[in-house]
Amino acid sequence: MSELLIKNGIVYDPLNDICGEKKDIFVRDGKIVEEVKKPEILDVNGLLVLPGGVEGHAHLSGSKVNAGRLMRPEDGRRGLRRKTAITMPESGYSVINVYGEGYRYARMGYTTMVEAAMPILTAIHTHEELRDIPILDKLSMTLFGFNWFVMDYIRKGEMDKLAAYVAWALKISKGYGIKIVNPSGGENWKWGKNVSSIDEPNISFGVSAREILSSLMEVNEILDLPHPIHVHCNRLGQPGNYDIAIDTMKISSGFETKREREPLHVTHIMFSSYGGEKWKDFESKTDEVTKEVNSNKNASIDLGQLMFGDTTTMTADGALEFALCKLTGSKWSNSDTEMETGGGITPQIYSPSMPINAIQWAIGLESALLVKNPYQVWLTTDHPNGAPFTTYPEVISLLMSKDRRKKEIERVNKVVQKRAILSSLDREYGWNEIATITRASQAKAYQLNDKGHIGVGADADIAVFNINPEEVDPSKDYEEVERAFSATKYTIKGGEIVVRDGEIVKVFPGKTLWTNAEFDGYYELIEDDLKDWFSKYYTVSLSNYGVSDVYLTNPEVIKTNPKIGGRIEVPAE
Amino acid sequence: MIIEDVICPFCGSLCDDLTVEVKDNEIAGIENACKLGYSKMMGYEHDRYERPLKRVGDEFKEISYEESIEEAAKILYNAKSPLLYGWASTSCEAIERGIELAVKIGGVIDQTATVCHGPTVLGTQEVGKPSCTLGEVKNRADLVIYWGCNPFHAHPRHAERYSTFTKGYFTKKGRTDRKIVLVDIRKTDTEGICDRFIQIEPGSDYKILTSLIAIVMGKEESIPEEIGGVKKEELLGLAEEMKHANFGMVFFGMGVTMTGPKYKNIAALERLVRELNRHTKFSLMPMRGHYNVAGAGAVFTWRTGFPYAVDFRRGYPYYNPGETTSNDLLTREEVDAMLVVASDPGAHFVNSSVRRMAKIPLIVMDPHPSATSELADLIIPTAISGVEMDGTAYRMDDVPIRFKKLIDSKFKSDFEIIGDIIEKIEKRGVKD
Amino acid sequence: MKREVKLITGRTLDQGIFIEHKHSDEYLNAAAICRINPKLMKEIGVDEGGGVKVITDVADVVVRAVGDDNIGEEMIFVPMGPWANFVLGIDVGMAGMPSFKGVNAKIESTDEKTPKMEELMKRYMI
């Protein structure tokens with residue numbers, strides 16, 4: 001039995017309505033409890049205490065991330081850190097080795113991560129890397145946006161089979177929820193093409209993005225999945241795409257869900273809030289996009305904030321990466337995955353003097369500042385697409401300080417004052433709102449009841465920052481804020497101190513969470529279809545497909561309550 | 001007992017449709033395997049090292065397993081520049097431990113890509129790799145080019161399962177839905193399955209590839225009438241076919257990575273494929289040799305940031321092919337002890353490297369005698385992964401597949417042995 | 001008579017089949033050979049199965065001639081393995097990849113015997 005008492009911290013715990021109270025926190029055996037007997041005492045008098053951070057969307061493990069590392073030894077050579085008696089060496093700045101990923105999040109007070117894109121065919125790879133990422137608890141989102149089974153069931157109108165397939169695919173990939181990237185359009189990219197709207201049917205299956213989105217949102221509800229459908233919009237990264245983001249969000253408006261979270265999440269909104277017709281007249285359309293968020297309780301967003309510097313872009317949206325590499329001339333890898341998904345990678349240098357990059361930078365911040373309800377926003381950089389996750393402290397300081405933004409706006413290309421609205425926004429985030437968009441929003445959106453808060457019964461994942469929120473004015477002392485969020489005084493994971501004074505002091509594997517949404521007879525429903533297509537079109541045998549438990553560290557299954565199968569009659573074919 | 005959907009632990013095709021009959025813990029029959037896979041899996045029992053062996057003078061003396069681990073740990077711990085080499089024919093799980101060992105002893109770890117597709121890695125680090133999984137080829141490809149590779153000999157079932165004869169969703173007629181082209185310096189047996197053979201002069205790949213790039217970019221006037229032994233007309237025709245394919249694919253092998261300017265060939269090939277994507281869909285794929293060489297690259301990359309030739313002598317990963325690659329380290333006589341796992345560099349490294357291997361303490365982990373074990377100071381017998389041990393391997397298209405254990409073995413696996421060595425090293429304390 | 005050729009090494013089916021039987025006669029027959037155009041065999045005066053000495057800047061090794069019409073007259077093909085690699089060296093200009101194909105070599109007919117694998121490896125220990 002190990003006990004911990006964190007004394008006299010200034011606690012922000014939005015999900016429990018605790019907002020800057022001086023408070024003791026008690027920990028026993030990895031959980032927050034009401035009292036302890038003989039604890040180790042950490043007197044953190046006056047320091048900021050938050051629940052452990054929850055990364056809601058990042059690309060950290062699997063074939064695409066690894067292809068990025070492979071392609072970029074020049075990035076690998078940045079961020080080198082020697083081994084210690086307990087840690088493995090780190091490498092990489094935007095494409096980081098597995099150890100660096102775990103240690104760097106932990107140093108910043110993060111204790112849970114979501115891998116945002118997992119192909120089923122290579123899910124073993126995703127989980128092998130997750131197994132190697134130390135300290136953090138891990139979830140991964142399974143890709144469905146242009147999966148052949150999904151498109152085939154949709155074109156045949158077989159919702160029950162679609163639900164069964166999704167439940168099976170989540171189980172076999174050990175995934176947490178439904179990720180949708182460039183719905184319908186991704187299949188066209190396999191012929192070197194794309195779709196231009198959410199209503200355009202694709203070449204080979206004749207289904208549109210709208211059909212895929214609404215069908216999977218319905219299946220998400222039928223299967224009672226904990227997380228919304230998690231959507232990377234069509235035409236992402238192209239001028240004039242903001243209306244697609246709005247149309248995508250509108251699909252959820254009025255939709256009824258039993259879960260206490262939005263039914264639809266639009267991810268890295270920065271890349272989908274573009275106005276103009278070409279790069280020449282490129283502008284921010286954050287005002288229009290956030291108007292939709294503010295009027296639609298059924299949609300949430302994450303920022304996909306861009307920060308200046310050299311990074312690596314990577315996505316299952318292969319067409320986008322090819323378009324980018326044609327713009328920059330930089331190296332480019334593509335990885336189409338049979339029957340399921342795709343992927344592309346190309347490095348990017350975001351420069352403050354480049355008009356496009358300056359506007360992109362402004363859009364992310366505008367999105368955070370214009371959405372009224374912080375529970376509808378998560379802080380992300382879509383790591384590593386907008387920037388590495390290690391830039392979060394700087395982003396936080398920008399959101400908390402109008403002064404800092406003003407200074408930055410003076411430094412970047414002047415176009416930002418005309419084609420973006422950032423300079424007109426006065427809002428400054430407070431500690432509680434920062435705690436929300438880095439922890440509570442994600443925990444709620446993923447329905448992680450033991451995460452993102454430090455009420456009794458929660459996992460004892462806690463971050464103590466070397467800053468006194470009662471003394472520091474983040475609006476003025478923004479550099480202090482950035483410094484404090486860069487390395488914790490303590491990071492506590494599952495009741496164990498893993499970081500002390502910014503250094504890793506303990507290493508162990510975290511948990512792997514996945515969702516089991518199977519229902520009576522679900523496999524029988526699709527068995528013949530699976531056998532048929534595996535024998536005809538896949539290059540691996542059905543029996544060799546999928547991830548067994550040997551790949552998971554401390555697996556934890558989220559069992560859902562599907563409203564199908566044993567509960568309702570499945571219509572005969 | 002019949003075991004179905006067995007994974008073949010021979011080449012990078014990683015066929016997973018074998019049927020194996022096991023009787024009394026012995027393999028009694030195999031269906032669907034090619035000659036390579038069949039001989040490896042059926043021949044698992046021949047010539048096994050029964051016990052660990054230690055060289056004493058000109059003789060090998062049997063020692064206990066425990067003694068062999070102690071001896072291996074001692075050699076590796078005391079070395080200043082130990083090299084851990086091999087890894088392409090074992091499980092990812094064993095490779096993971098190999099990297100841990102390299103970090104703990106502050107050594108260099110390298111894998112067989114260093115003498116096969118290392119240049120493909122370097123080309124990719126310059127240009128990028130537009131690729132796909134093999135099922136994309138099966139379902140879509142209407143033009144397949146084998147360039148400097150000989151699947152008939154090196155990947156006998158590749159054409160049947162993935163690239164030539166197979167039928168797919170958009171290629172319902174299989175072979176007749178595809179055009180197959182061979183580019184090579186000699187008429188190999190692969191030519192027999194191709195529609196067309198383009199014979200090029202040895203070492204002229206780079207010239208021809210860059211000419212094709214120029215043609216695809218619409219600059220055909222800059223190309224001479226003949227290049228690398230090929231008529232301009234023929235190249236124009238090939239470029240036209242490439243541009244008008246619905247889904248084109250190039251498979252390439254050692255014929256491209258090992259000749260002329262080596263990695264520059266690959267960079268040119270990747271540039272060509274990239275350029276073709278302005279016109280249609282085109283991909284490429286290296287024909288990986290060992291069944292898990294792709295897995296070795298993958299594990300190296302996610303654990304260290306770099307795919308091969310990773311030097312931990314500084315405490316952090318340092319990667320510089322040409323300097324930290326095995327043959328260079330050995331030839332420069334920097335390596336002062338070597339561990340070889342599931343590989344035979346004694347047969348496949350160059351003369352100056354093998355000469356160094358013969359001089360230094362050499363530990364070999366292998367089920368069978370090899371050219372390397374002729375030079376060894378310590379031999380630790382192992383179980384055969386894919387026959388006697390399960391684990392993960394990556395196919396040539398980076399698709400991971402879990403391979404099976406078919407029979408029980410009295411031998412320890414690479415995974416267990418490396419784990420035991422690490423334990424001994426840890427007792428001595430992690431080297432700074 | 002010595003004749004200049006380009007030495008190409010590489011995989012073959014038989015070399016692969018016997019790769020884990022390196023002490024066997026089958027492996028010797030699969031790997032200690034040199035595929036060579038019959039015209040070139042005539043030119044250097046070697047019969048099918050006769051000894052060919054392959055000489056490079058690095059070393060020389062004796063392998064057996066196997067006539068092959070599909071090999072050009074300017075090259076020879078030796079399967080990858082101990083014999084081929086005995087005469088190969090590193091390529092300092094090429095980032096870690098030794099020269100395994102297109103290597104400058106000379107060949108001549110010889111009465112010397114092809115060394116067995118273990119005999120060949122002993123040469124490294126001197």
Side-chain angles (χ1 to χ4, degrees), chain A residues 61 63 65-67 69-74 76-77 80-83 85 88-92 95-100 121-122 124-125 128-129 132 148 189-192 204 322 325-326 330-339 342 345-346 536-544 548 550-551, chain B residues 4-5 7 16-17 92 96 100 103-104 121 124-136 138-140 161-162 167-170 246-247 274 277-283 297-299 301-307 312 314-319 392 394-395 397-402 430:
Chain A
S61 72
S63 46
V65 178
N66 218 31
R69 296 184 189 111
L70 176 105
M71 190 170 77
R72 298 208 66 195
E74 73 280 13
R77 291 181 183 116
L80 291 171
R81 207 163 158 142
R82 293 188 88 243
K83 67 182 174 185
M88 293 284 275
E90 298 174 37
S91 71
V95 276
I96 306 162
N97 69 338
V98 282
Y99 307 110
L121 183 63
T122 59
I124 285 179
H125 184 167
E128 278 189 293
E129 287 197 29
D132 271 1
W148 283 15
W189 168 241
K190 296 188 174 182
W191 299 119
S204 305
F322 187 58
C325 91
K326 281 193 288 185
S330 190
K331 50 192 170 184
W332 164 67
S333 289
N334 187 67
S335 56
D336 291 335
T337 305
E338 66 207 58
M339 320 278 291
I345 307 146
T346 191
K536 283 186 187 153
Y537 307 133
Y538 265 107
T539 55
V540 294
S541 311
L542 180 55
S543 70
N544 287 324
S548 63
V550 298
Y551 294 101
Chain B
E4 292 193 330
D5 297 335
I7 291 87
D16 75 331
D17 62 342
C92 289
E96 290 177 1
E100 217 175 303
V103 169
K104 297 217 153 117
V121 169
T124 298
Q125 292 176 343
E126 188 171 299
V127 180
K129 181 176 152 197
S131 194
C132 60
T133 67
L134 288 163
E136 289 291 326
K138 172 185 165 80
N139 285 311
R140 294 177 206 266
R161 275 176 61 81
Y162 310 123
K167 293 171 183 166
Y169 193 88
F170 303 104
N246 289 314
F247 187 105
R274 176 186 172 119
N277 273 282
R278 292 176 189 269
H279 300 272
T280 183
K281 190 67 189 231
F282 230 95
S283 292
V299 176
T301 304
W302 83 61
R303 286 208 152 186
T304 78
F306 308 100
F312 287 105
R314 294 159 181 83
Y316 56 80
Y318 172 77
Y319 161 77
T392 314
Y394 283 60
R395 205 165 63 182
D397 56 354
D398 296 323
V399 170
I401 303 179
R402 185 158 188 89
V430 175

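Just so you know, these numbers use all the heavy atoms, side chains as well, and skip hydrogens, waters and symmetry mates.
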| Does the side chain of B:Lys167 reach to within under 4.5 Å of the side chain of A:Tyr537, using non-hydrogen atoms? | no

| Between B:Gln125 (side chain) and A:Pro73 (backbone), is there a donor-acceptor pair under 3.5 Å? | no

| task | Using a cut-off of under 4.5 Å on heavy-atom pairs, state which of B:Gly297, B:Pro130, B:Cys92 scores highest against chain A. | result | B:Pro130

| Which atoms of A:Phe322 come close to chain B, meaning under 4.5 Å heavy atom to heavy atom: side chain ones, backbone ones, both, or neither? | side chain

| query | Checking heavy atoms, do the side chain of A:Ser63, its backbone, both or neither come under 4.5 Å from chain B? | reply | neither

| message | Any heavy-atom pair between the side chains of B:Thr304 and A:Ser91 that's under 4.5 Å? | response | no

| Any donor-acceptor pair under 3.5 Å from B:Ser131 side chain to A:Ser335 backbone | no

| field | Largest heavy-atom contact set with chain B, pairs under 4.5 Å, which of A:Ser61, A:Gly100, A:Gly76 | value | A:Gly76

| What's the verdict on side chain to side chain contact (heavy atoms under 4.5 Å, CB included) for B:Tyr394 and A:Glu128, showing C-alpha distance, side-chain angles and the deciding distance? | CA-CA 12 Å; B:Tyr394 283 60; A:Glu128 278 189 293; 2.4 Å; yes

| said: Could you check whether A:Tyr551 and B:Arg402, counting side-chain N and O atoms only, form a donor-acceptor pair closer than 3.5 Å? | reply: yes

| note | To the nearest 0.5 Å, atom OG1 of B:Thr124 lies from atom CH2 of A:Trp332 at 12.0 Å

| note | Under 4.5 Å to a heavy atom of chain A? For B:Val127 that would be backbone

| task | Give the minimum heavy-atom separation between A:Thr122 and B:Asp398, together with the two atoms involved. | result | CG2-O, 4.0 Å

| query | B:Tyr319 versus chain A, heavy atoms under 4.5 Å apart: side chain, backbone, both or neither? | reply | both

| remark: Most contact-rich option vs chain B, by heavy-atom pairs under 4.5 angstrom, among A:Met339, A:Arg72, A:Lys326, is A:Lys326

| query | Where on B:Phe282 is there a heavy atom nearer than 4.5 Å to chain A: the side chain, the backbone, both, or neither? | reply | neither

| Is it true that B:Lys281 and A:Asp336 make a salt bridge, defined as a side-chain N closer than 4.0 Å to a carboxylate O? | yes

| field | B:Asn277, part contacting chain A, at a heavy-atom distance under 4.5 Å | value | both

| query | With a 4.5 angstrom heavy-atom cut-off, which part of B:Arg278 approaches chain A: side chain, backbone, both or neither? | reply | both

| note | So, the part of A:Ser548 with a heavy atom under 4.5 Å from chain B: the answer is side chain

| field | Distance-only donor-acceptor check, side chains B:Asp16 and A:Ser541, under 3.5 Å | value | yes

| message | So for B:Glu100, is it side chain, backbone, both, or neither that comes closer than 4.5 Å to the heavy atoms of chain A? | response | both

| task | Report the distance from atom OG1 of A:Thr539 to atom CD1 of B:Ile401, rounding to the nearest 0.5 Å. | result | 7.0 Å

| field | Residue part contacting chain A, namely of B:Lys138, when any heavy atom lies under 4.5 Å | value | side chain

| field | Between B:Thr301 and A:Asn66: side-chain donor-acceptor atoms closer than 3.5 Å | value | no

| request: Would you mind reporting whether B:Arg274 and A:Cys325 have side-chain heavy atoms less than 4.5 Å apart? | output: yes

| query | Just by distance, do the side chain of A:Ser333 and the backbone of B:Lys129 share a donor-acceptor pair under 3.5 Å? | reply | yes

| task | Could you check whether the rings of B:Trp302 and A:His125 sit parallel, tilted or perpendicular, using 30° and 60° as the cut-offs? | result | tilted

| request: Considering only NZ, NE, NH1 and NH2 on the basic side and carboxylate oxygens on the acidic side, decide whether B:Glu136 and A:Lys190 come within less than 4.0 Å. | output: yes

| Under the 3.5 angstrom rule, does the side chain of B:Arg303 hit a backbone N or O of A:Asn97 as a donor-acceptor pair? | no

| request: Report the relative orientation of the aromatic rings in A:Trp148 and B:Tyr169; use parallel for angles under 30°, tilted for 30 to 60°, perpendicular for over 60°. | output: tilted

| request: Answer with side chain, backbone, both or neither: which region of B:Phe170 has an atom nearer than 4.5 Å to a non-hydrogen atom of chain A? | output: side chain

| field | Short side-chain to backbone donor-acceptor contact, A:Lys536 and B:Gly168, under 3.5 Å | value | no

| task | Under 4.5 Å heavy-atom distance to chain B, tell me which part of A:Val550 shows up: side chain, backbone, both or neither. | result | side chain

| Measuring from B:Asn139:CG to A:Glu338:CD, what's the distance to the nearest 0.5 Å? | 7.0 Å

| task | Evaluate the side-chain proximity of A:Leu80 to B:Pro317: yes if any heavy-atom separation is below 4.5 Å, no if none is. | result | yes

| task | Check whether the side chains of A:Arg81 and B:Tyr316 place a donor and an acceptor atom closer than 3.5 Å, and report yes or no. | result | no

| Best-contacting candidate, B:Thr280, B:Thr392, B:Asn246, B:Leu134, against chain A by heavy atom pairs under 4.5 angstrom | B:Thr392

